[in-house]
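Here the structure is laid out as structure tokens; the discussion comes afterwards.
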Amino acid sequence: MENTTICAISTAPEGALGIVRVSGPKAIEITEHIFDRPLKNRSANTIVFGHIIDEDCVLDEVLVSIFLAPHSYSGEDAIEISCHGSKYILQRCIELLIQAGCAMAEPGEFTKRAFLNGKMDLSQAEAVADLITSSTKASHHLAMNQMRGNYSMALKNLRDKLLHLTSLLELELDFSDHEDLVFADRTELTKIATDINKHIAQLLKSFRFGNAIKNGIPVAIIGQTNAGKSTILNALVGEEKAIVSNIHGTTRDIIEDVVNIEGIPFRFIDTAGLRNTTDTIERLGIERSYVQLEKADIVLWVIDALFLENDIQDLSERILPHCENKQLVLVINKCDLAADTPQGAAKIKESVEKLLKSCPKETHKIMMTAHQEKDISRLQNIFPTLIDRTKFEGATSSIVVTNLRHYDAFNRAKKSIEQALSALHLGLSGELISEDLRSCIRALSEIVGEVNTQEVLSNIFSKFCIGK
């Protein structure tokens, strides 16, 4: 890697302008092969106007920005070519650079080099990807805090405390022939280890919330077949994500999309209709519906007003036990059609009020017709009221876990620190306690990349876009 100079397009397609990024030991030399101005011996952080030359013809007028190692994003000599956003110009520029000696960058390779060259730790590198995909103020804030090192600093403080404890215990082992020497006071050690355990527990607890900020608060759309779940999903996300049909059992897999409502991302999940069926594929879809119901923070139970009492009778015992500690919204759909039936609006209201008595205390209800835009707007307005806005906004100023890899490492760190505490309470030897503390340190170090494998790095950076 150290001897390879890489290049890639770093901007989204079809923009007015595009950027081609070059990084590596020969970045300047290779760029000079296709540029009509000298670049060597120029000062760092300067911009040069000129032309990209393609077989004695001008391909484009461009600005070339020069960055010299180690003061560049990747920590290497780097060039950024700012040109017009034409697909042809950008692709031809890449072809010319490759012909001159560049290699095509792999996904995330610029950021990977930044990590390997010590420009950022692994958690900061992962935050780059989160920053690119952030869609709300909260997710942007969390990614920016992590990228700027706030997250890493909190981990460093934990690791420093653990290293201090470990060094004292191992110092005792060095003087094991002097039984009267005690460097690590067990009472103080227990207190510090307990504080660390509480801190890790808080970080683990923040993951569910952090994941909601990053990926959207999960909202499961549940109900009988043909109740209007897919119509509601399509209306909420503003496009035809799910097939809508009068045929029962059309939705057989999970369909989802994220919608930003008043700055909060909600991940709406359309599920297979709940009914008894002999169809193997549909039955698998129904099983997945229950999985999503368990995972959801908010449940939209869509009930067909034309078959209100049947829906309630068939599904109450299947749905309500899964709604404890969740926000439940009863969506009585097709009210326009049901109002013309003999049971009428009064009967619908009576049945709904009866259902509410068996629902969680904070259950919300809405009578609507999914095809009416004003009703969809009323439904959308409910979601922000289901969220503690102060908690949501306050999380952006604290350390919140949003990454599954970090969550796994924190779980292992917590297990190790709890084993150390158990060993302390049992009065076991310092050697055993020290090993548990070191296991905790290793787990925390994995998060920032101080302990890593090529497999882990490849998995992380493969998720990046090319050019970043």
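- Side-chain contact check for Asn145 versus His141: some heavy-atom pair is nearer than 4.5 Å.
- Atoms OH and OG, on Tyr73 and Ser10 in that order, are 9.5 Å from each other to the nearest 0.5 Å.
- Annotation: side chain to side chain contact (heavy atoms under 4.5 Å, CB included) contacts of Thr11 (sequence neighbours excluded): Ile9, Ile19.
- Under the rule for a side chain to side chain donor-acceptor pair (under 3.5 Å), the partners of Glu435 that lie at least two apart in sequence or sit in another chain are Arg442.
- Between Asp121 and Phe115 the shortest heavy-atom distance is C-CD1, 3.8 Å.
- Remark: side-chain polar atoms of Asn117 are paired, donor with acceptor, to backbone N or O of Arg113 under 3.5 angstrom.
- Annotation: side chain of Leu90 is in contact with side chain of Cys83 (closest heavy-atom distance under 4.5 Å).
- For the atom pair OG1 (Thr271) and CD1 (Ile269), the distance works out to 9.0 Å, reported to the nearest 0.5 Å.
- With sequence neighbours excluded, the residues that form a salt bridge (Lys or Arg N to Asp or Glu O under 4.0 Å) with Asp297 are Arg208.
- Two residues are said to be in side-chain contact when any heavy atoms from C-beta on lie closer than 4.5 Å; Lys295 and Pro218 fail this criterion.
- Residues Pro265 and Asn215 are not in side-chain contact: their nearest non-hydrogen atoms beyond the backbone lie 4.5 Å or more apart.
- Annotation for Cys440 and Leu162: closest pair SG-CD1, 3.6 Å, computed over non-hydrogen atoms.
- Checking side-chain atoms of Asn403 against main-chain N and O of Arg405 turns up a donor-acceptor pair under 3.5 Å.
- In this structure, Leu386 and Val329 have side chains that are in contact, with non-hydrogen atoms separated by less than 4.5 Å.
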Test Phe266 against Ile298 for side-chain contact (heavy atoms from CB on, under 4.5 Å), laying out the working first.
CA-CA 9 Å; Phe266 292 90; Ile298 300 172; 3.9 Å; yes
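- In this structure, Arg267 contributes its side chain and Glu256 its backbone to no donor-acceptor pair below 3.5 Å.
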Residue pair Ser206, Ile399: steps toward the side-chain contact (heavy atoms from CB on, under 4.5 Å) verdict
CA-CA 8 Å; Ser206 75; Ile399 306 300; over 6 Å; no
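- The side chain to side chain donor-acceptor pair (under 3.5 Å) test with Ser23 is passed by exactly one of Glu76, Glu109, Glu80: Glu76.
- Glu14 is linked by a salt bridge (Lys or Arg N to Asp or Glu O under 4.0 Å) to Lys87, counting only residues two or more places apart in sequence or in another chain.
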Show your reasoning for whether side-chain contact (heavy atoms from CB on, under 4.5 Å) applies to Leu293 and Val299.
CA-CA 7 Å; Leu293 179 56; Val299 177; 3.5 Å; yes
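- When atom types are taken as modelled, the side chain of Ser74 and the backbone of Phe110 share no donor-acceptor pair closer than 3.5 angstrom.
- Side-chain atoms of Ser434 do not come within 3.5 Å of backbone N or O of Glu431 as any donor-acceptor pair.
- Screening residues 24-49 for side chain to side chain donor-acceptor pair (under 3.5 Å), with sequence neighbours left out, gives Asp36-His51.
- Between Phe35 and Val48, some side-chain heavy-atom pair lies under the 4.5 Å cut-off.
- The local environment of CD in Glu324 is sparse, with at most 12 non-hydrogen atoms from other residues, nucleotides or ligands closer than 6.0 Å.
- Within the 4.5 Å cutoff, side-chain heavy atoms of Val128 are placed close to those of Met120.
- Looking at Lys326, its side chain does come within 3.5 Å of a backbone N or O of Ala296 through a donor-acceptor pair.
- Rounding to the nearest 0.5 Å gives a distance of 5.0 Å between CG of Leu155 and CD1 of Ile447.
- In this structure, the separation between NZ on Lys112 and CG on Leu122 is 11.0 Å, given to the nearest 0.5 Å.
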Let me have the donor-acceptor pairs involving side chains of residues 58-70, under 3.5 Å, with sequence neighbours excluded, atom names and distances please.
unit_1: Asp60; atom_1: OD1; unit_2: His84; atom_2: ND1; d: 2.8
unit_1: Asp60; atom_1: OD2; unit_2: His84; atom_2: N; d: 2.9
unit_1: Asp60; atom_1: OD2; unit_2: His84; atom_2: ND1; d: 3.2

Name each donor-acceptor pair under 3.5 Å that joins a side chain in residues 190-201 to protein atoms two or more places apart or in another chain, with its distance.
unit_1: Thr190; atom_1: OG1; unit_2: Arg186; atom_2: O; d: 2.7
unit_1: Thr194; atom_1: OG1; unit_2: Thr190; atom_2: O; d: 2.7

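- With sequence neighbours excluded, the residues forming a side chain to side chain contact (heavy atoms under 4.5 Å, CB included) with Thr402 are Asp130, Leu142, Gln146, Lys214, Val400, listed by chain and number.
- Around NZ of Lys415, the count of heavy atoms belonging to other residues, nucleotides or ligands within 6.0 Å does not exceed 12.
- For Arg412, the side chain to side chain contact (heavy atoms under 4.5 Å, CB included) partners at least two apart in sequence or on another chain are Asp408, Ala409, Ala443, Glu446.
- Judged by distance alone, the side chain of Ser422 and the main-chain N or O of Glu418 form no donor-acceptor pair under 3.5 Å.
- Remark: Asn411 pairs with Leu204, Tyr407 by the side chain to side chain contact (heavy atoms under 4.5 Å, CB included) rule, at least two apart or across chains.
- Legend: residues meeting ring-ring contact (aromatic ring centres under 6.0 Å, His included) with Tyr151, ordered by chain and number and at least two apart, are His406.
- Legend: residues meeting salt bridge (Lys or Arg N to Asp or Glu O under 4.0 Å) with Lys156, ordered by chain and number and at least two apart, are Asp160.
- The CG atom of Leu437 sits 11.0 Å away from atom CG of Leu432, with the distance rounded to the nearest 0.5 Å.
- Annotation: side chain of Ile232 is not in contact with side chain of Phe268 (no heavy-atom distance under 4.5 Å).
- A distance of 11.0 Å separates CG in Leu421 from OG in Ser416, rounded to the nearest 0.5 Å.
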